[in-house]
Number of protein chains: 2
Amino acid sequence: MFVSTATNGIDAKGRVSVPAGFRSNVTGGPFDGIYVWPSFDGPWLEGGGQTLMDNYLDMVEAMDPYDEARQALEQSIFGAARTLSFDANGRITLPKDLAEHAGVSNKATFVGLGRRFEIWNPESFEKRATTARAFARENKLKLRRPSRVAEGAS
Amino acid sequence: MFVSTATNGIDAKGRVSVPAGFRSNVTGGPFDGIYVWPSFDGPWLEGGGQTLMDNYLDMVEAMDPYDEARQALEQSIFGAARTLSFDANGRITLPKDLAEHAGVSNKATFVGLGRRFEIWNPESFEKRATTARAFARENKLKLRRPSRVAEGAS
DNA sequence: TGGGATAACATGGGATTTCATGGGAAACAA
DNA sequence: TTGTTTCCCATGAAATCCCATGTTATCCCA
């Protein structure tokens with residue numbers, strides 16, 4: 001799973017190192033790289049590996065073919081996503097339009113969120129992280145064990 | 001499960017031995033190590049193995065995708081967590097920012113709490129343990145057998 | 001049940017590898 | 001050509017691996 005947060009530099013060619021911990025998460029797919037698309041909630045990018053895209057595909061295909069939500073998801077995710085391959089050193093080249101959407105130029109912050117991750121402008125992320133932390137503290141009680149008991153837990 | 005309390009030294013490289021009893025709890029995961037993140041309740045660290053993180057992921061994904069609390073929790077847990085691998089002798093290297101959050105430098109106290117554990121500054125923990133004991137004494141009557149027996153718990 | 005032998009654990013330091021980053025050359029497109 | 005993209009190599013810093021060692025706990029056998 002994608003965990004932790006790391007800020008890496010973007011060089012003049014638009015290249016940025018994907019944190020090593022993220023890379024080791026996506027090996028074994030049909031290509032050596034990640035999927036990235038603009039968030040439709042705000043100025044940051046969403047990303048993940050083949051497994052995530054497979055999950056989204058399953059979810060979409062479980063919906064009615066003419067469900068508006070289905071079409072929105074199809075267009076916003078599959079239509080907007082890019083396959084960004086790693087170079088020999090584990091970097092991707094961030095396309096200009098994606099960089100603009102996220103407002104990143106010199107540095108980019110990778111945030112692991114379990115199954116997926118986000119790419120942020122470092123300053124914007126810092127602001128959001130501060131409020132998120134307080135909010136998480138106030139709302140931690142919303143975390144409930146799934147109704148089904150986790151069997152075989154160790 | 002994680003039980004007992006142990007205080008181990010932190011060397012100049014930031015390495016600290018994870019108590020052997022804790023280590024034997026997390027073997028068999030995708031990596032040989034633990035997840036650790038800063039508590040959002042105070043100056044100590046929270047930790048656990050793959051099973052705990054899987055449980056958190058299940059709990060978070062049971063929430064509405066656009067619940068602000070969900071996004072806050074995702075960032076505060078998965079975004080803040082680190083995967084700390086064991087070296088050949090069962091040590092982890094505590095990142096500086098985590099050590100600062102917990103206020104540890106020379107020694108760290110590992111506290112087993114069943115499904116997860118905490119890492120404390122030894123003096124701070126001693127203080128809290130005193131008040132926690134008193135609190136437990138006052139509230140011992142709240143301990144009740146679960147209405148439904150926990151299946152498959154080990 | 002004592003006491004020596006053995007294994008497990010926590011700790012220290014040096015050597016090696018990985019990681020993030022920079023720049024140049026070659027392939028490609030317009 | 002001219003600008004862009006991809007591949008390849010170099011480098012410093014940081015993290016990891018490997019070996020050594022004292023100490024504690026456990027085992028085994030008389």
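Keep in mind that this is a model prediction, so the values were computed, not measured. We name chains A, B, ... by the order of the sequence lines, and we start the count at 1 in each one.
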Check your understanding: Considering only dT6(D), dT21(C), dA20(D), which nucleotide approaches the side chain of K13(A) most closely?
Key -> dT6(D)

Practice item. Using a heavy-atom cut-off of under 4.0 Å over every strand shown, decide if A20(A) touches base, sugar-phosphate, or nothing. Key: sugar-phosphate

**Study point:** Integer-rounded Å distance: dC18(D) C1' and F86(B) CZ
**Key:** 18 Å

Review point. Hey, are the side chains of N121(A) and V104(A) touching, using non-hydrogen atoms and a 4.5 Å cut-off?
Key: yes

Exercise for review: Under 4.0 Å between any heavy atoms, over every strand shown, what does V16(A) touch: base, sugar-phosphate, or nothing? Just pick one.
Suggested key: nothing

**Study point:** Spacing between N106(A) atom CG and dG22(C) atom P, to the nearest angstrom
**Key:** 10 Å

Exercise for review: Provide, to the nearest angstrom, the distance between the CZ atom belonging to R91(A) and the C1' atom belonging to dT18(C).
Suggested key: 15 Å

Review point. When you measure from the side chain of N139(A) to the backbone N and O of A69(B), does any donor-acceptor pair fall under 3.5 Å?
Key: no

Practice item. Grab the CD1-C1' distance between I92(A) and dC7(D) for me, whole Å please. Key: 17 Å

Review point. Is there a donor N/O on one and an acceptor N/O on the other, under 3.5 Å, for the side chain of N89(B) and the base of dT11(C)?
Key: yes

Study note, to complete from the structure: Considering only heavy side-chain atoms of P19(A), the closest of dG13(C), dG24(C), dA20(C) is dA20(C)

Study note, to complete from the structure: In whole angstroms, the gap separating P of dA15(D) from CZ of R23(A) amounts to 15 Å

Practice item. Measure the distance from CG on N8(B) to P on dG22(D) and round it to the nearest whole Å. Key: 20 Å

Practice item. Using a heavy-atom cut-off of under 4.0 Å over every strand shown, decide if D87(A) touches base, sugar-phosphate, or nothing. Key: nothing

Revision key, fill the gap. Distance col, row F117(B):CZ vs L45(B):CG, nearest 0.5 angstrom, shows 9.0 Å

Exercise for review: Verify whether one side chain among Q50(A) and Y35(A) offers a donor that lies under 3.5 Å from an acceptor in the other.
Suggested key: yes

Exercise for review: Could you say whether R15(B) or T93(A) is positioned toward the 5' end of DNA chain D, judged by the nucleotide with the nearest heavy atom to each?
Suggested key: T93(A)

Practice item. Specify the separation, in whole Å, of atom CG of D97(B) and atom P of dA15(D). Key: 10 Å

Exercise for review: Answer yes when K96(B) and E100(B) have at least one side-chain N-carboxylate O distance shorter than 4.0 Å, and no when they do not.
Suggested key: no

Check your understanding: Please give, in whole Å, the distance from dG22(D) P to D11(B) CG?
Key -> 18 Å

